[in-house]
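Below is one structure, written out as structure tokens, with a few remarks after it.
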Amino acid sequence: MASVSSQQQFRYTQPPSKVLHLRNLPWECTEEELIELGKPFGKVVNTKCNVGSNRNQAFIEFTDLNQAIAMISYYASSSEPAQVRGKTVYLQYSNRQEIVHNKTAADVAGNVLLVTIEGEDARLVSIDVLHLVFSAFGFVHKITTFEKTAGFQALVQFSDAETATSAKDALDGRSIPRYLLSEQVGPCTLKITYSGHTDLTVKFQSHRSRDYTNPYLPVAQSAIEGGGQVMVGLDGKRLEAESNVLLASIENMQYAVTLDVLHTVFSTFGPIQKIAMFDKNGALQALIQYPDTQTAVVAKEALEGHCIYDGGFCKLHLSYSRHTDLSIKVNNDRSRDYTIPITPVVNLQPSILGQPVSMTGAPAQQYNGSQYTPVSDPAMIPQPQAGWGTAPPAVAQSMPMQMYNNTYMPPGNMPPQMPPGNMPPQMPPGNMPPGMQFPNHSMLQPTSTLPA
DNA sequence: AGCACA
């Protein structure tokens, strides 16, 4: 019964449609040939070739129903059948009203996402920041970045389509949190579709591409910075060999940066054992030694690219030193060993590990002690609520002097509904917004060479 | 030669 009605549907009862169904087409019939065929009757606005298991069917769609009727009518009474390359083609109204094209790769859920980073400074977004952002949803296998006409883009490979989908759903159309970007970088919005790829090819760890599944992949020279101290970590997540000693260089040093200033800034993340300051190429550099690598990692992640003083002054650039234990020969204004008990400075630490002290009474409840606790695995840092969806405490902007002026999170940048469990594991609150964490310490108020 | 992956 069903077959009877469908057969009848074929013969003559097909209602007019501006879409025509063509069959018996020659092999590899092109869109151009279909347009040529329909042109005498109207404007062909859409085609679909190589349809059916034999790939010898096609559809053409006219702008107007009357054009389709004209074509059917003409060939219904013509002595010459419609032909393509001399082969007779049979025409009838399609049983659909418009051509629907196949889903593109962008519509088919896959494990690889195509991410377009939009914004003036999109290309300044590092692959590490992207890794951090997408790692919130699962293990990121590989990332490649490239520039095309669409702008700065990245392919981000997850284990499976489900993970990729959760990342896509949460991040598409959102902006990268301010605190992950350095000060001069403007807003960067993510536009995400699926990619047709399933496995990216990464030949080298570089500034353009990473394979986090293969830490032993050779490191391209282009990825190396900081004088050859950079290596691939065993976890495959870092290009630099982590160290308990940080090398800090200070850019735009309008204000004096003293040993005490550095001690105050860096001791927020844990006890400091030693500091050595020196000049290199006319710029001030310092080596800061923590008791353990984990603390140094947290400090580096939090402070990198940030300024000690508001207004872009004394910007910190941090890398891991090859040193593990500094040799401080003498305690003076350029070097100090805080592990020597007689040194009185050790008692002046404004904060100790796990207990940040607010000198202004600024509430620190959002950044409680546990978030400062160094742990063996940064992903294990407890992180209840804070993150992309967390509004900045009002105090961050009302503080008389902000050490860091880009560290708060603009509200509304990220989805407030983002589940806490999906927070980037490497993005503990203790790693960020130091502008909110740091006490407004008088030691950090510049007293000389003030421009205004 | 008969309606949508090829």
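What you see is a predicted model, and the numbers here were worked out from it, not measured in a lab.
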* Could you give the CD-to-C1' distance, from A/Glu61 to B/dC3, as a whole number of Å? -> 14 Å
* Aromatic stack A/Tyr90/B/dA1: centroid gap under 5.5 Å, interplanar angle under 30° -> yes
* Structure fact -> Sorted by number, residues from residues 45-60 of chain A placing a heavy atom under 4.0 Å from DNA chain B are A/Lys48, A/Asn50, A/Val51, A/Arg55, A/Gln57, A/Phe59
* Do NZ/NE/NH1/NH2 and the carboxylate oxygens of A/Lys203 and A/Asp211 come within less than 4.0 Å? -> no
* Any side-chain donor paired with an acceptor under 3.5 Å for A/Gln153 and A/Lys191? -> no
* To do: For A/Gln92 and B/dC3, give me the distance from atom CD to atom P, rounded to whole Å.
  => 8 Å
* Using whole Å, report how far CD of A/Glu31 lies from P of B/dA4. => 20 Å
* To do: Write down the atom of A/Gln92, the atom of A/Gln14, and the distance for their closest heavy-atom approach.
  => NE2-NE2, 4.4 Å
* Judged by modelled atom types alone, do A/Asp160 and A/Thr163 share a side-chain donor-acceptor pair under 3.5 Å? -> yes
* Structure fact -> From CD of A/Gln97 across to P of B/dC3 the rounded distance in Å is 17 Å
* To do: In whole angstrom, give the distance that lies between atom NE2 of A/His101 and atom C1' of B/dC5.
  => 14 Å
Show me, pair by pair, the donor-acceptor contacts under 3.5 angstrom made by side chains of residues 67-79 of chain A, not counting sequence neighbours?
from: A/Gln67; atom 1: OE1; to: A/Lys43; atom 2: N; distance (Å): 3.3
from: A/Gln67; atom 1: OE1; to: A/Thr63; atom 2: N; distance (Å): 3.4
from: A/Gln67; atom 1: OE1; to: A/Thr63; atom 2: OG1; distance (Å): 3.0
from: A/Gln67; atom 1: OE1; to: A/Asp64; atom 2: N; distance (Å): 3.4
from: A/Ser73; atom 1: OG; to: A/Ile69; atom 2: O; distance (Å): 2.6
from: A/Ser77; atom 1: OG; to: A/Ser73; atom 2: O; distance (Å): 3.3
from: A/Ser77; atom 1: OG; to: A/Tyr74; atom 2: O; distance (Å): 3.4
from: A/Ser78; atom 1: OG; to: A/Glu80; atom 2: N; distance (Å): 2.9
from: A/Ser78; atom 1: OG; to: A/Glu80; atom 2: O; distance (Å): 2.7

* Of A/Glu98 and A/Asn24, the one whose closest DNA chain B nucleotide lies more 5' -> A/Asn24
* Let me know the distance between NZ of A/Lys18 and P of B/dC3, rounded to the nearest Å. => 21 Å
* Structure fact -> Whole-Å distance, A/Trp27 CH2 to B/dA6 P, equals 13 Å
* Backbone of A/Ile192 reached by a side-chain donor or acceptor of A/Asp172 within 3.5 Å -> yes
* A/Leu25 CG - B/dG2 C1' separation (whole Å) -> 13 Å
